[in-house]
Amino acid sequence: MRFTGSNCLTRVVVDDGFDLEIGQLQSVMERIQQSLRDIPLSQREYIANALLNVAVTRMLREEGAVHTATILVRLGDVVSAGNDAPHAERAIDLSQFDS
């Protein structure tokens, strides 16, 4: 199974544009990491939950409930497999559970 949404939220490009798409994702992730440094220490424990809420809300709006649920189930599979966490600059590979 391959996710190729119509926008950059969940789209994975698997042809010649792959490097470009990953570069864009890395750029956005780096900008988020930089902006998180400005959050006061007293609020940092809420960062993960806040980012997850924003991401899921946007995914629902852009991808719809069924596609979002499928992506989140696949993400749960990756997490439960016990693999090491990805580097902060890299996306989690949801394709490793493709049939």
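Atom set for the values below is all heavy atoms of this structure, side chains included, hydrogens, waters and symmetry mates excluded. One is the number of the first residue; the rest follow in order along the sequence. Bear in mind that the values here come from a model prediction, so they are computed numbers and not experimental data.
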*asked:* Keeping Thr68 on the side-chain end and Glu63 on the backbone end, is there a donor-acceptor pair under 3.5 Å?
replied: no

ask   = Hey, does the side chain of Thr57 reach the backbone of Val54 with a donor-acceptor pair shorter than 3.5 angstrom?
value = no

Value for CZ (Arg37) from OG (Ser35), rounded to nearest 0.5 Å, stands at 9.0 Å

The reported gap from CG in Asn49 to CG in Asn53 (rounded to nearest 0.5 angstrom) is 4.5 Å

Is there side-chain contact between His67 and Ile71, with heavy atoms separated by less than 4.5 Å?
-> yes

- Query: Within a radius of less than 6.0 Å around CZ of Arg61, do more than 12 heavy atoms belonging to other residues, nucleotides or ligands occur?
  - Reply: yes

CG (Leu72) and CG (Leu52) are apart, to the nearest 0.5 Å, by 7.5 Å

| said: Between Arg74 and Thr70, is the side-chain contact (heavy atoms from CB on, under 4.5 Å) condition met? List the steps. | reply: CA-CA 6 Å; Arg74 291 170 62 85; Thr70 301; 4.2 Å; yes

Applying a strict under-4.5 Å side-chain criterion to I, L, V, M, F, W and Y, I'd like to know whether Leu36 and Val28 cluster together. yes

The single option from Leu41, Ile39, Ile47 that satisfies side chain to side chain contact (heavy atoms under 4.5 Å, CB included) with Gln43 is Ile39

